[in-house]
Number of protein chains: 2
Amino acid sequence: MTGGGVRDGLRTGEVAERAGVNIQTLRYYERRGLLAAPGRSNGGHRLYPPGTVALLAVIKAAQRLGFTLDEVAELLAAGSRRHPPPDLRQRAVDKITEIDRKIADLTAIRATLAEVVDARCDSLTNCTCADCPLPYLTIGSAPRPWGDPA
Amino acid sequence: MTGGGVRDGLRTGEVAERAGVNIQTLRYYERRGLLAAPGRSNGGHRLYPPGTVALLAVIKAAQRLGFTLDEVAELLAAGSRRHPPPDLRQRAVDKITEIDRKIADLTAIRATLAEVVDARCDSLTNCTCADCPLPYLTIGSAPRPWGDPA
DNA sequence: GATAAGCCTGTACCTGGGTACCGGATGCAA
DNA sequence: TTGCATCCGGTACCCAGGTACAGGCTTATC
């Protein structure tokens, strides 16, 4: 009676539509190790477990935030072995650090942009406004102050 | 005295080294419209004005923060015409909105990661921990709640 | 059993952002 | 004037992240 066995699951088209991705992308992710190879129908069609759609959303979310597919794959893989290594937590901690840096960078440039707006700068490079904030736009790992002649 | 005329300026190698970029990248940026075509020596070698190094740092900074080269080019171009359109300010305002969205996204995922660490999740996808925060990881423009079966 | 969706594999292509290599010309110093 | 480092333009290649297409097999429906 559970007769069909592997018969149930979503097909690629359904998953793709619900997750808002291309069908090709599903196969691409499978190749990349982001999606486990799903079960197949007798005829060889993929049948995805329902959680797949949610998983894709996780992937897409992580991606929008600057994680590469390899990173996402690692994160997912790290958790998917049983008796997982303490890896996931460590990676999460590392990612948090990274994210904090990104947020700091974004915050810095946001502030600069706000000043640009505020000061009515008329150019990114040749601004003529009085106390132009632009020359102080140093963010992240800029190698040296600004027009450092050395 | 000021005799040499166009004779002065930095050569590609100098600019590249000081700015920490590849020489090819300079020419690439020139093609892309990020760097104005510099003066040339009589023999045809590029001679960059000194500000170029700073400009490259601006470009690199903007880029690290998620601006595409096209966007950077537009921003730079917008400011480099005299009697500039009020464009720069508007773009800056738009970018601020965009950045705010990114920051919000990053903050959300940061929170989730923090919970992951906190709750000792053992997997991103099959976590067995009691009050696992993962199913609630909705960020940005995810199309529908989560495992929405509809 | 016929027929249209839908899915299969494989391969090729696209965009963004660079990088590398080639053969030839320049710059500059000894 | 010779010689080596540098630079020139052009073309080709690289990686990431997808997307498209071809030719053939399944699945679902009548």
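Naming: A, B, ... by sequence-line order, numbering from 1 per chain.
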Inset, instruction - Take atom CG of Asp70(B) and atom P of dG17(C), then tell me their distance rounded to the nearest Å. - result: 7 Å
Legend entry - From dT19(C), dG17(C), dT19(D), nucleotide with atom closest to Thr25(B) side chain: dT19(C)
Legend entry - Under 3.5 Å donor-acceptor pair, Arg11(A) side-chain atoms to dG6(C) base atoms: no
Inset, instruction - Let me know, please, whether Val21(A) or Gly44(A) comes out on the 5' side of the other along DNA chain D by nearest nucleotide. - result: Val21(A)
Inset, instruction - Measure the distance from CG on Leu34(A) to P on dG17(D) and round it to the nearest whole Å. - result: 9 Å
Inset, instruction - Whole angstrom is fine here: how far is it from CG in Leu26(B) over to P in dT19(C)? - result: 10 Å
Inset, instruction - Would you mind telling me which of dC21(C), dG9(D), dT9(C) lies closest to the side-chain atoms of Arg40(B)? - result: dG9(D)
Legend entry - Verdict with reasoning, Arg46(A) to Leu10(A), per side-chain contact (heavy atoms from CB on, under 4.5 Å): CA-CA 8 Å; Arg46(A) 288 174 180 79; Leu10(A) 299 153; over 6 Å; no
Legend entry - Step-by-step side-chain contact (heavy atoms from CB on, under 4.5 Å) determination, Tyr28(A) to Leu34(A): CA-CA 9 Å; Tyr28(A) 178 62; Leu34(A) 286 149; over 6 Å; no
Inset, instruction - Would you mind reading off the distance between Leu10(B) atom CG and dT6(D) atom C1', rounded to a whole angstrom? - result: 15 Å
Inset, instruction - Round to the nearest Å and state the distance from Ile23(A) atom CD1 to dT9(C) atom P. - result: 12 Å
Legend entry - Atom pair distance, as rounded to whole Å: OH in Tyr28(B) and C1' in dC14(D): 13 Å
Inset, instruction - State, to 0.1 Å, how close Arg40(B) and Leu47(B) come at their nearest heavy-atom pair, and which atoms those are. - result: C-CD1, 4.2 Å
Legend entry - Listed nucleotide nearest any side-chain atom of Asn22(A), set dG17(C), dA20(C), dA20(D): dA20(D)
Inset, instruction - Check the distance between dT11(C)'s P and Arg31(A)'s CZ and give it to me in whole angstrom. - result: 11 Å
Inset, instruction - State, to 0.1 Å, how close Phe67(A) and Glu71(A) come at their nearest heavy-atom pair, and which atoms those are. - result: CA-OE1, 3.1 Å
Legend entry - Side-chain N or O of Gln24(B) closer than 4.0 Å to phosphate OP1/OP2 of dC21(C): no
Legend entry - Listed nucleotide nearest any side-chain atom of Ser41(B), set dT26(C), dC8(D), dG17(C): dT26(C)
Legend entry - Interatomic distance, Arg27(A) CZ vs dG10(C) P [rounded to whole Å]: 9 Å
Inset, instruction - Considering just the side-chain nitrogens and oxygens of Lys60(A), establish if one lies under 4.0 Å of OP1 or OP2 belonging to dG18(D). - result: yes
Legend entry - Any Arg46(B) side-chain N or O less than 4.0 Å from OP1/OP2 of dT26(C): no
Inset, instruction - Give the minimum heavy-atom separation between Glu30(B) and Tyr48(B), together with the two atoms involved. - result: OE1-OH, 3.8 Å
Inset, instruction - Tell me which nucleotide among dC21(D), dG17(D), dG27(C) gets nearest to the side chain of His45(B). - result: dG27(C)
Legend entry - Thr12(A), nearest nucleotide to its side chain (from dG27(C), dC8(C), dG9(D)): dC8(C)
